[in-house]
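Let me begin by presenting the structure, written as structure tokens, before commenting on it.
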Amino acid sequence: MSLPPIEPVEPMAHLAGLNPEQLAAVTAPDGPLLVLAGAGTGKTRVLTCRLAHLLVTGRVRPGEVLAVTFTNKAAREMAERVERLIDRSVQGMWLGTFHAMGVRMLRAHAELVGLEPSFTILDTDDQLRLSKQVIQAAGLDERRWPARGLLALIQRWKDKGWTPERVPEAELSDFALGRGRELYAAYQERLRTLNACDFGDLLLHGLELLTARPELLERYQRRFRAILVDEYQDTNVAQYLWLRLLAQGHRNITCVGDDDQSIYSWRGAEVGNILRFEQDFPGASVIRLERNYRSTGHILGAAAGLIAHNRARHGKTLWTEGEAGEPVRVAGLWDEEEEARWVVQEIEALQRRGEPLASIAVLVRAGFQTRAFEERFIQTGLPYRVVGGPRFYERQEIRDAIAYLRLVVQPDDDLAFERIVNLPRRGIGEAALKTLHGAARGSGRSLVRTARELVLTDELPARTRGALARFLDQLDRWRGVLGERSPRAMAELVLEESGYVAMWQAERTPDAQGRLDNLKELAEALEEFEGLGSFLEHVALVVDGAAEAGADVVSVMTLHGAKGLEFDTVFLAGWEEGLFPSQRALDEGGARALEEERRLAYVGLTRARRRCAVSFAANRRLYGQWTTAVPSRFLAELPAEHVEVLHRSPRARPDWELLGDPLPALRPAPFRTRRLAADRVLEGRAEILASRPPAGSRTFRVGERIFHDKFGYGRIEAIDGDKLEIAFEKAGRKKVVDSFVDPA
DNA sequence: GGATTGTGTATTTTT
DNA sequence: TACACAATCC
């Protein structure tokens with residue numbers, strides 16, 4: 001008996017090449033679905049294919065989809081992949097981060113939570129400043145109750161979905177003698193006055209909307225006929241509640257995640273969400289993806305053996321049909337420098353064998369560990385890149401520039417005003433600001449408005465008043481030409497005329513040029529936008545700087561930063577007790593934290609496709625102190641059959657004694673002269689020189705009034721080539737190089 | 001208002 | 001050790 005021939009159906013092309021479990025997940029019928037996708041099992045593929053499948057089969061239209069991710073990068077990738085699969089735009093779909101979806105909802109209904117639709121989204125800096133103001137206003141000792149602490153607390157509460165009145169009593173005891181709720185409320189009040197939100201609010205207010213307005217909830221429930229969630233193990237309570245509300249009606253929710261890769265509990269993620277899925281959504285289907293397409297057998301075996309030591313997990317058994325490959329190598333080194341030397345030497349050997357550097361990564365637990373590697377990379381001249389670190393829009397100069405633009409667009413933006421009113425120095429210091437604040441509080445007006453009134457009175461010293469008046473005039477002028485110029489031209493005008501660019505040009509530090517480059521990059525990024533307003537919205541939510549991709553360099557990053565990535569060869573450095581697992585995590589979170597550290601180790605191991613090496617050092621300098629380290633307990637948890645130990649065996653039980661007489665091959669050499677440091681200083685100098693305008697390149701006239709960043713205002717008395725003799729108002733007569741001076 | 005000295009702290013990071 | 005921040009001095 002022969003089956004009828006299966007007609008190749010073109011629209012089903014997106015199903016090609018899926019394995020049975022993947023196919024089951026992609027084509028699963030309506031209803032709650034949890035896809036437990038182990039590392040390297042095609043998680044993203046399944047999610048995008050399912051979305052494409054829903055669309056192609058006509059089960060939903062694009063406008064009926066809500067697809068949430070955690071990062072903008074993930075959202076972008078998802079959009080691109082789906083578009084490629086269905087060969088059509090995903091226009092109309094709600095696809096983005098939780099926060100982006102939150103803003104979208106909130107902009108539409110801002111007035112219902114006491115905001116105007118034009119509300120601003122604060123960055124971390126602004127939040128901190130606000131928190132500080134709240135602490136001060138409450139008359140608390142800032143040393144004992146630091147602003148950071150309050151902010152962290154508020155964030156934690158928001159992650160849990162608690163508005164001030166809903167914070168449980170039991171939570172209140174530890175901060176500021178139980179005044180936490182009151183401070184939180186004051187912070188929220190300030191936000192409302194500023195017509196602003198912090199990141200937590202984007203979800204919290206959304207939650208408020210959906211709970212307080214049944215008709216709205218119903219509207220969104222009806223609208224989103226399909227909800228898809230990526231990285232479900234990373235959701236916090238607020239996000240979970242958000243999803244539960246929206247999915248309540250039809251329960252068409254697909255969550256994809258891996259409990260074994262939950263590594264963000266410290267910022268509110270609850271592994272419990274994914275572990276509880278079947279209780280939360282009774283009748284849910286659970287599909288496990290266990291076939292790994294990424295790593296060799298040995299790497300997978302090592303990772304599986306390690307993670308099996310965790311108790312709180314769904315449990316999956318990854319398998320592969322690929323080759324066993326090389327065992328995971330474990331190397332004990334004398335100290336961090338030798339560790340770096342060993343790793344770099346291994347990388348050089350790979351390079352000689354033709355391996356691209358871009359296929360190699362060094363992963364560490366904490367940021368400070370990258371330094372030893374950087375030094376070694378510089379010494380050997382091997383191209384590398386430290387991934388992570390402060391992101392583009394978090395850089396000081398970018399935030400400053402954005403504050404300028406915000407102030408031009410939104411005249412009452414007090415936080416932006418405070419940030420840049422005296423940057424560059426204009427002689428409007430703390431005292432002046434205090435007077436301003438006092439007057440503003442009295443009248444309930446914004447600082448800028450208050451300033452306008454104050455410059456007409458005698459309340460400020462003449463000098464300060466003049467400076468402030470000049471600054472306000474500048475603001476007016478910029479605002480006046482706002483309509484006539486492109487966002488880019490506008491930014492260039494403001495940054496030039498304000499003296500902000502000149503400030504960095506005069507700065508004598510090696511990174512000043514980099515900052516100027518970043519400013520230029522910002523201006524270029526502005527090209528894409530119609531108006532400054534839309535740019536500012538974008539920048540509040542979107543992270544990425546222009547990561548120069550494609551270069552053939554070794555990547556150095558933290559384990560957290562490596563999540564979601566993969567490399568042919570991975571070096572996992574610093575596997576020592578106290579560092580990894582981190583002592584601090586253990587102290588604060590006990591057994592639960594240990595499991596998270598172990599998941600982090602698991603994430604590290606499973607980043608590797610073909611080769612993985614783990615290293616630890618016997619001695620490490622922590623906070624300037626040499627400490628003796630004990631090899632990480634995680635080393636002992638790697639199954640012996642998947643591991644090859646170099647330089648003697650720490651494997652059976654990683655007690656330092658068992659390593660043999662402290663690694664005979666490795667002699668102590670902790671103290672070593674650092675020629676490198678000196679080289680770097682020289683390099684820095686060269687950069688400073690290059691970044692200054694060429695001497696004599698500016699035309700100054702005798703008698704001209706100038707401003708010097710250090711010495712303040714003055715008048716040019718004489719000119720000798722690039723040297724100016726200046727009578728400073730405060731600092732007296734001095735000779736300075738013209739590049740450090742600007743026209744007043 | 002700005003420079004200087006002193007003190008305290010020290011993971012992981014996205015939005 | 002190294003850095004950021006706040007109190008202190010000029």
Side-chain angles (χ1 to χ4, degrees), chain A residues 68-75 96-103 121-124 127-128 132 141-144 146-149 152 155 158-159 197-204 231 234-236 238-239 262-269 363-371 387-391 393-394 422 425-434 461 463-464 467 538-544 557-564 574 578-589 593 596-597 599-601 603-604 620-627 674 677 709-712 730-731:
Chain A
V68 277
T69 62
F70 273 85
T71 63
N72 290 296
K73 189 169 158 228
T97 62
F98 274 100
H99 296 269
M101 301 300 97
V103 183
I121 301 158
L122 301 189
D123 64 24
T124 326
Q127 290 173 38
L128 200 58
K132 198 178 229 166
D141 178 5
E142 280 182 83
R143 298 190 83 88
R144 193 152 156 61
R148 310 195 129 276
Q155 254 154 17
K158 287 186 175 179
D159 284 343
C197 277
D198 66 12
F199 284 115
D201 284 341
L202 298 178
L203 297 169
L204 203 59
E231 307 275 19
D234 286 337
T235 47
N236 61 34
Q239 289 159 338
S262 166
I263 54 174
Y264 284 112
S265 73
W266 49 272
R267 64 179 202 208
L363 308 183
V364 296
R365 175 75 233 295
F368 70 84
Q369 291 173 263
T370 61
R371 210 181 96 185
V387 181
R391 280 150 304 156
Y393 92 118
E394 273 180 5
N422 204 29
R425 300 241 154 86
R426 297 186 174 88
I428 306 165
E430 222 170 292
L433 221 50
K434 214 167 179 179
R463 229 182 118 71
T464 315
H538 169 84
V539 96
L541 283 174
V542 167
V543 224
D544 51 317
M557 65 184 103
T558 65
L559 288 160
H560 283 93
K563 186 164 164 220
L579 180 59
F580 192 38
S582 142
Q583 192 54 51
R584 178 141 177 207
L586 264 36
D587 290 347
E588 283 171 14
E596 180 147 319
E597 294 287 302
R599 290 194 289 269
L600 201 48
V603 166
R620 192 171 289 272
R621 209 168 23 189
L622 286 174
Y623 313 133
Q625 298 273 97
W626 280 100
T627 50
R674 301 207 165 214
D709 200 35
K710 285 238 160 45
F711 303 128
K730 279 273 160 62

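Heavy atoms only: backbone and side chains are in, while hydrogens, waters and symmetry mates are out. Numbers restart at 1 for each chain; the letters A, B, ... are given by sequence-line order, proteins then strands.
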Query raised in the report: Choosing from B/dG2, B/dT14, B/dT13, which nucleotide comes nearest the side chain of A/T71?
Result: B/dT14
Query - Separation of A/T71 OG1 from A/D234 CG (nearest 0.5 Å) - result: 10.0 Å
Report task. Find the distance between NZ (A/K563) and CG (A/L363) and round it off to the nearest 0.5 Å. Result -> 14.0 Å
Requested in this report: Check the distance between B/dT14's P and A/H99's NE2 and give it to me in whole angstrom.
Outcome: 12 Å
Query raised in the report: Any side-chain N or O of A/T558 less than 4.0 Å from the OP1 or OP2 oxygen of B/dT13?
Result: yes
Query raised in the report: What is the minimum heavy-atom distance between A/A593 and A/A585, and which atoms define it?
Result: CB-O, 3.2 Å
Query raised in the report: Which nucleotide sits closest to the side chain of A/R267: B/dT15, B/dG2, B/dT14?
Result: B/dT14
Query raised in the report: Contact class for A/Y623 vs. all strands (heavy atom < 4.0 Å): base, sugar-phosphate, or nothing?
Result: base
**Report entry** Minimum heavy-atom distance between A/R267 and A/D159, given as atom pair plus value
**Finding:** O-OD2, 3.2 Å
Query raised in the report: Whole-Å distance between B/dA10 C1' and A/L622 CG?
Result: 10 Å
Query - Side chain of A/R584 (C-beta onward), nearest among B/dT14, C/dA2, B/dT11 - result: B/dT11
Query raised in the report: Could you give the OH-to-C1' distance, from A/Y264 to B/dT11, as a whole number of Å?
Result: 12 Å
When you compare the protein's N or O atoms with those of nucleotides 6-10 of chain C, which come within less than 3.5 Å of each other, and at what distance?
| unit_1 | atom_1 | unit_2 | atom_2 | d |
| --- | --- | --- | --- | --- |
| C/dA6 | OP1 | A/K132 | NZ | 3.2 |

Requested in this report: Please state whether the phosphate of B/dT14, meaning OP1 or OP2, lies under 4.0 angstrom from any side-chain nitrogen or oxygen of A/N72.
Outcome: no
Requested in this report: Check the distance between C/dA2's C1' and A/Q369's CD and give it to me in whole angstrom.
Outcome: 17 Å
Report summary line: When rounded to whole Å, the CD to C1' distance for the pair A/Q625 and C/dA2 reads 13 Å
Query raised in the report: Roughly, in whole Å, what's the span from CZ in A/F368 to C1' in B/dT9?
Result: 14 Å
**Report entry** A/L600 side, atom CG; A/Y264 side, atom OH - distance, nearest 0.5 Å
**Finding:** 8.5 Å
Query - Candidate nucleotides B/dT11, B/dT15, B/dG2, ranked by approach to the side chain of A/A585 - the nearest - result: B/dT11
Requested in this report: Using atom CE of A/M557 as one end and atom C1' of B/dT11 as the other, report the distance to the nearest whole Å.
Outcome: 17 Å
Query raised in the report: Checking only heavy atoms, does the side chain of A/R365 share a donor-acceptor pair with the base of B/dT11 at less than 3.5 Å?
Result: no
Query - Rounded distance in Å between the P positions of B/dT12 and C/dC3 - result: 15 Å
Query - A/F98 or A/E597, whichever maps to the more 5' nucleotide of DNA chain B - result: A/E597
Query raised in the report: A/T370 and A/V364: which non-hydrogen atoms are nearest, and at how many Å?
Result: CG2-CG2, 4.0 Å
Report summary line: Hits for side-chain hydrogen bond (donor to acceptor under 3.5 Å, both in side chains) against A/D198, two or more places apart or cross-chain, chain-then-number order -> A/K158, A/Y187
Query raised in the report: Rounded to the nearest Å, what distance is computed from the CD1 atom of residue A/I428 to the C1' atom of nucleotide B/dG2?
Result: 16 Å
